[in-house]
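Residue numbering restarts at 1 for every chain, and letters A, B, ... go by the order of the sequence lines. Only a predicted model underlies this, so the values are computations on that prediction, with no experimental measurement involved.
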Amino acid sequence: MNVSSVIVDKHGSKIRKDAGTKIFDIIAIIAVSIGALVCVIPFIIMLSGSFSTESEVVRSGYSIIPKGLTLEAYRVVLTSLGNTIGRAYMVTIYVTAVGTFLGLLCSSMGGYVLSRPDFKHRDKVSFFVYFTTLFSGGLIPTYLIVANVLHLNHSLWSVILGGLMSAFNVFLFRNFIKGIPDALMESARIDGAGDFRIYWQIIIPLTKPAMATIGLFTALGYWNNWFTYSLYLITDKDKWGLQYLLYRMLSRVTDAVKGSDVIIIQQLPSETMKLATAMLVTGPVLLFYPFVQRYFVSGLVVGSVKG
Amino acid sequence: MYQVSSDASKALNKKALKRGGKPFADFRAHKTYYFMLIPLFVYFIAFNYLPLFGLYNAFTNYDFSKGILSPFVGLQNFEFLFKGGSDSIIWRLTRNTILYNVAFIVLSNICQIGMAVLLKEITFKKFVKTSQTLMFMPYFVSMVIIGSIIYNLFNFNYGVFNNLFTSLGMEKFDFYRTPWVWPIIIVVVEIWKSLGYGTVIYLASIMGIDESIYEAAYVDGASKWQRIRYVTLPLLKPTVIILLLFAVGGILRGQFDLFWNIVGNNGLLLNATDIIDTYVYRSLTVNFSINLGTAAGLYQSLFGLILILTVNAIFRKFDKENSLF
């Protein structure tokens with residue numbers, strides 16, 4: 001760095017270059033700032049709306065700064081809907097925890113076997129898994145199997161099992177485990193460890209980075225899932241997860257056009273209450289993600305470019 | 001190393017076969033592996049292979065009370081979907097799905113590459129990190145939340161935009177009754193949601209460029225614009241091409257979550273916003289037309305398979321390393 005700036009100095013063009021660089025830097029910083037702000041402002045509007053008074057929102061709409069700062073919406077939501085939201089929280093946490101744990105276990109086990117050179121049929125089994133990404137029955141045939149053959153409708157297992165594994169995760173584990181030196185496994189084998197014991201005591205501790213990345217993606221998928229509930233758990237109110245509860249509260253589109261304000265005010269939960277619920281639903285994720293962002297970054301990079 | 005050991009195991013297996021002539025020699029030697037694969041097999045058979053049989057319903061007139069015994073009607077469902085040439089359901093769905101995806105792919109990638117290139121040139125590291133984190137935010141929230149944000153921005157009574165129009169003395173605008181604005185809104189939302197993670201991918205790729213090339217350019221007196229033009233962008237090209245090809249392979253798969261949460265079952269907007277995935281979902285949950293939904297799904301799967309195989313053939317021709325299988 002130093003050497004190069006000296007050379008530039010000798011040519012006597014340093015000042016001109018610095019001016020150009022400065023202009024560039026300013027433009028770059030402004031452009032990036034706008035991009036970042038555009039990504040965040042909608043959330044700020046939501047947050048401020050949830051702290052506004054209902055009458056102010058109805059009269060003059062939302063804005064970035066709360067109108068008539070109040071915790072009223074949260075108080076009403078927690079007193080009138082407290083039980084519902086509490087139960088939805090428990091459902092979502094249960095589904096996320098069980099699903100992520102089982103998903104990691106099954107995917108890593110599959111990835112381990114497929115990575116072993118002494119497993120004769122690994123190519124055939126890999127294709128068996130890979131084929132699912134090429135061609136699928138689609139939504140309706142899957143629905144009919146899950147509901148009519150496996151009889152998982154009205155059960156949270158439809159949500160848990162639905163997002164359990166994917167070809168993508170199995171192959172990520174396989175490729176990660178391939179990168180672990182074979183000598184480690186060989187020496188364990190010489191010490192008398194069987195195939196499962198090698199997986200349990202050597203592979204699992206060594207795949208922690210992959211576990212963290214894939215686990216977080218899986219957990220995010222479960223947390224944000226509303227779709228599976230909308231297929232299999234429509235009538236089971238006590239089994240609604242957070243996102244689906246919110247989805248039902250928002251059921252809006254038909255009420256969103258001109259002349260529908262009467263319906264909104266009288267029958268549906270108030271606008272600020274919806275926003276407060278939305279913040280309660282997504283708050284944990286927004287507070288948590290900056291701390292685990294690096295795992296998502298590594299997962300995205302591996303998945304897109306090297307996958 | 002890999003090759004040797006696999007040859008060795010093959011030789012061992014041959015030996016085992018010769019010696020005992022037992023067909024399950026491999027199973028005997030590696031029982032544990034087979035047991036460990038049980039969850040994988042059960043899962044993929046139940047959730048991916050069994051449903052393939054359900055594609056049969058694309059050729060029946062499905063009746064909930066009869067199930068698999070519903071009458072076989074041949075290609076009647078497809079005739080219904082395809083009839084009417086450019087007015088046909090399938091043409092509308094295919095056109096919308098492909099046009100939206102093309103817009104998503106082109107515009108999202110331009111924005112992401114632009115952001116990544118700028119972030120690379122900014123030397124104030126704290127700023128780079130913070131803005132990256134903020135841009136990543138939309139990626140982590142569910143589409144339900146995004147749907148609610150869109151509603152709060154555009155609804156007639158107190159949406160942010162109508163609020164703005166009123167305060168500027170303009171007429172309120174009824175977004176939810178105006179089809180032509182929704183393609184724009186949907187594309188912008190997709191760009192917005194994917195900006196953070198796409199930027200991360202491209203920035204990682206740019207960071208992988210050999211720093212000495214930049215230093216050489218600096219020594220030669222290249223300005224920042226020139227470094228972007230002659231170093232970053234050309235060296236980013238392979239990554240861009242790979243990602244674009246992947247995206248083209250999935251061009252018939254719609255972003256169901258996005259469309260359903262933003263537009264939902266709003267009949268006024270359907271012509272401009274109905275994609276294959278929303279049609280299939282409505283067939284199942286609104287119209288209960290299992291056979292038509294399955295037929296549209298089968299069409300999507302088959303067409304999608306052809307696309308993926310084509311993309312893969314292109315990969316194989318140009319780059320053996322990156323081919324998909």
Which atom of B:Trp192 lies closest to which atom of A:Pro42, heavy atoms considered:
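The answer is CZ2-CG, 3.8 Å.
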Which heavy-atom pair separates A:Gly110 from B:Leu37 by the least distance, and what is that distance?
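Result for this residue pair: CA-CD2, 4.1 Å.
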Chain A contacts, top residue of B:Ser301, B:Gly54, B:Pro51 (heavy-atom pairs, under 4.5 Å):
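Greatest number of close heavy-atom pairs with chain A: B:Pro51.
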Given a strict heavy-atom distance threshold of 4.5 Å, which part of B:Ala46 is in contact with chain A: side chain, backbone, both, or neither?
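Both parts, backbone and side chain.
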B:Ser142 side, atom OG; A:Leu246 side, atom CG - distance, nearest 0.5 Å:
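If I round to the nearest 0.5 Å, the distance is 7.0 Å.
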Engaged part of B:Asn57 at the chain A interface, taking heavy atoms whose separation is under 4.5 Å
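Just its side chain gets close to chain A.
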Apply ring pair (Phe, Tyr, Trp, His ring centres under 6.0 Å) to A:Phe296 and B:Phe140, showing your working.
CA-CA 10 Å; A:Phe296 282 96; B:Phe140 289 92; 4.8 Å; yes
Treating B:Tyr43 as the side-chain partner and A:Ser107 as the backbone partner, does any N or O pair qualify as donor plus acceptor under 3.5 Å?
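No: the side chain of B:Tyr43 does not pair with the backbone of A:Ser107.
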Non-hydrogen atoms of chain B under 4.5 Å away: do they reach the side chain of A:Leu105, the backbone, both or neither?
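Neither part; nothing is under 4.5 Å.
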Hey, is the main chain of B:Thr133 close enough, under 3.5 Å, to the side chain of A:Tyr289 for a donor-acceptor pair?
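Such a contact is found between A:Tyr289 side chain and B:Thr133 backbone.
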Does any backbone or side-chain atom of A:Val285 lie under 4.5 Å from a heavy atom of chain B? Answer side chain, backbone, both or neither.
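Only the side chain of A:Val285 comes within 4.5 Å of chain B.
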Within the supplied structure, the quantity of interest is the number of heavy atoms (other residues, nucleotides, ligands) at a distance under 6.0 Å from B:Lys31 NZ; does it exceed 12?
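12 or below, so no.
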For A:Leu152, which atoms come within 4.5 Å of any heavy atom of chain B: side chain, backbone, both, or neither?
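Just the side chain, heavy atoms under 4.5 Å.
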Determine the minimum heavy-atom distance between A:Phe127 and B:Tyr49, stating which atoms define it.
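Here A:Phe127 and B:Tyr49 meet closest at O-OH, 4.5 Å.
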Give the C-alpha distance, both sets of side-chain angles, the deciding distance and a yes or no for side-chain contact (heavy atoms from CB on, under 4.5 Å) between B:Ile149 and A:Ile45.
CA-CA 9 Å; B:Ile149 291 176; A:Ile45 291 177; over 6 Å; no
Considering only heavy atoms from C-beta outward, does the side chain of A:Pro141 approach that of B:Phe53 to under 4.5 Å?
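No - every pair of side-chain heavy atoms lies 4.5 Å or more apart.
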Select one option (side chain, backbone, both, neither) describing which atoms of A:Phe288 are under 4.5 Å from chain B's heavy atoms.
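Contact with chain B is absent: no heavy atom of A:Phe288 under 4.5 Å.
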Contact part of B:Arg253 toward chain A, heavy-atom cut-off under 4.5 Å: side chain, backbone, both or neither?
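Interface part for B:Arg253: side chain.
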With respect to chain A, which residue among B:Leu50, B:Val141, B:Ile38, B:Asn48 yields the maximal number of heavy-atom pairs within a distance under 4.5 Å?
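Ranked by heavy-atom pairs under 4.5 Å with chain A, first place is B:Val141.
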Could you give the distance from CZ (B:Phe44) to OG1 (A:Thr132), rounded to the nearest 0.5 Å?
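Here the rounded value is 5.0 Å.
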Give, as side chain, backbone, both or neither, the part of A:Thr133 having an atom under 4.5 angstrom from any heavy atom of chain B.
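Interface part for A:Thr133: backbone (N, CA, C, O).
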Quick check on B:Tyr202 against chain A: is it the side chain, the backbone, both or neither that has a heavy atom closer than 4.5 Å?
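Neither part, no heavy atoms under 4.5 Å.
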Spacing of A:Asp195 atom CG and B:Phe35 atom CZ [to the nearest 0.5 Å]
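Rounded to the nearest 0.5 Å, the CG-CZ separation comes out at 12.5 Å.
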Counting only heavy atoms closer than 4.5 Å, note whether A:Asn225 contacts chain B via side chain, backbone, both or neither.
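Neither part, no heavy atoms under 4.5 Å.
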Nearest non-hydrogen partners of A:Val301 and B:Ile201, listed with the distance:
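In terms of heavy atoms, the two residues are closest at CG2-CA, 4.4 Å.
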Within a strict 4.5 Å, meaning less than it, do heavy atoms of the A:Val125 and B:Leu40 side chains meet?
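A side-chain contact under 4.5 Å exists here.
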Please round to the nearest 0.5 Å and tell me the distance separating atom CG of A:Asn224 and atom CG of B:Asp257.
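These two atoms lie 9.0 Å from each other.
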Atom of B:Leu52, atom of A:Gly137 and distance for their closest heavy-atom approach
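In terms of heavy atoms, the two residues are closest at CD2-N, 3.5 Å.
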Can you say whether B:Ile146 sits under 4.5 Å from chain A via the side chain, the backbone, both, or neither, judging by heavy atoms?
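Contact with chain A is absent: no heavy atom of B:Ile146 under 4.5 Å.
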Can you tell me which of A:Asn148, A:Ile29, A:Asp25, A:Val297 forms the most heavy-atom pairs within a distance under 4.5 Å of chain B?
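With the most close heavy-atom pairs to chain B, the winner is A:Ile29.
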Do the side chains of B:Ile308 and A:Phe135 get nearer than 4.5 Å, heavy atoms only?
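With C-beta onward as the side chain, the pair stays apart.
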CA sep, side-chain torsions, deciding dist, call: B:Tyr139, A:Leu220, side-chain contact (heavy atoms from CB on, under 4.5 Å):
CA-CA 10 Å; B:Tyr139 176 78; A:Leu220 183 69; 4.2 Å; yes
Heavy-atom distance under 4.5 Å to chain B: side chain of A:Phe196, backbone, both or neither?
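For A:Phe196, heavy atoms of backbone and side chain both lie under 4.5 Å from chain B.
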Contact origin within B:Ile228 toward chain A - heavy atom pairs under 4.5 Å:
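The side chain, not the backbone.
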Part of A:Val146 lying under 4.5 Å from any heavy atom of chain B
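The side chain, not the backbone.
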Report the option among A:Ala167, A:Gly138, A:Ser136 that has the most heavy-atom pairs separated by less than 4.5 Å from atoms of chain B.
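Among A:Ala167, A:Gly138, A:Ser136, the one with the most close pairs to chain B is A:Ser136.
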Which of the residues B:Thr130, B:Leu118, B:Asn162, B:Leu195 is involved in the greatest number of heavy-atom pairs with chain A at under 4.5 angstrom?
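Greatest number of close heavy-atom pairs with chain A: B:Leu118.
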Side chain from CB out, backbone as N, CA, C, O: work out which of these in A:Ser298 comes under 4.5 Å of a heavy atom of chain B, or both, or neither.
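Looking at A:Ser298, nothing touches chain B.
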Side chain, backbone, both or neither: which part of A:Ile234 has an atom under 4.5 Å from a heavy atom of chain B?
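Looking at A:Ile234, nothing touches chain B.
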What I'd like to find out is whether the side chain of A:Phe24 reaches to under 4.5 Å of the side chain of B:Ile122, using heavy atoms alone.
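SC-SC contact between A:Phe24 and B:Ile122 ruled out.
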Are more than 12 heavy atoms, taken from residues, nucleotides or ligands other than B:Phe64, located less than 6.0 Å from that residue's CZ atom?
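Enclosed.
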Based on non-hydrogen pairs under 4.5 Å, which of B:Tyr56, B:Tyr281, B:Tyr197 is most in contact with chain A?
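Most pairs with chain A among the choices: B:Tyr281.
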As an exercise: rank B:Ser167, B:Pro39, B:Ala216 by heavy-atom pairs under 4.5 Å with chain A and give me the winner.
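Looking at each option in turn, the highest pair count goes to B:Pro39.
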Check whether B:Tyr214 gets within reach of chain A through its side chain, its backbone, both or neither, counting any heavy atom under 4.5 Å.
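No part of B:Tyr214 comes within 4.5 Å of chain A.
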Answer yes or no: is there a side-chain heavy-atom contact under 4.5 Å between B:Thr294 and A:Leu144?
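No, too far: nothing below the 4.5 Å cut-off.
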To the nearest 0.5 Å, what is the distance between CD (B:Gln132) and SG (A:Cys39)?
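Output value for this atom pair is 12.0 Å.
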A:Trp226 and B:Phe256 aromatic ring geometry - parallel, tilted or perpendicular at 30°/60° bounds
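Ring orientation, 0 to 90° scale: parallel.
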Test A:Val113 against B:His30 for side-chain contact (heavy atoms from CB on, under 4.5 Å), laying out the working first.
CA-CA 10 Å; A:Val113 176; B:His30 296 294; over 6 Å; no
When heavy-atom pairs shorter than 4.5 Å are enumerated against chain B, which of A:Phe227, A:Phe128, A:Tyr143 gives the highest number?
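Result: the option with the highest number of such pairs is A:Phe128.
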Using side chain to side chain donor-acceptor pair (under 3.5 Å), reason through A:Tyr199 and B:Thr32 one step at a time and then give a plain yes or no.
CA-CA 11 Å; A:Tyr199 161 73; B:Thr32 328; over 6 Å; no
Heavy-atom distance under 4.5 Å between the side chains of B:Tyr33 and A:Lys120, does that happen here?
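Not touching, per the 4.5 Å side-chain cut-off.
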Do A:Ile140 and B:Val280 come close enough that some side-chain heavy atom pair is under 4.5 Å?
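Yes, their side chains come closer than 4.5 Å.
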Tell me, do A:Met46 and B:Ile145 make a side-chain contact under 4.5 Å, heavy atoms counted?
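Side-chain contact under 4.5 Å: yes.
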Quick check on A:Leu164 against chain B: is it the side chain, the backbone, both or neither that has a heavy atom closer than 4.5 Å?
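When you check distances to chain B, atoms from both the backbone and side chain of A:Leu164 fall under 4.5 Å.
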So how far is it from A:Ile145 CD1 to B:Ile45 CD1, rounded to the nearest 0.5 Å?
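A:Ile145 atom CD1 to B:Ile45 atom CD1 measures 12.0 Å (nearest 0.5 Å).
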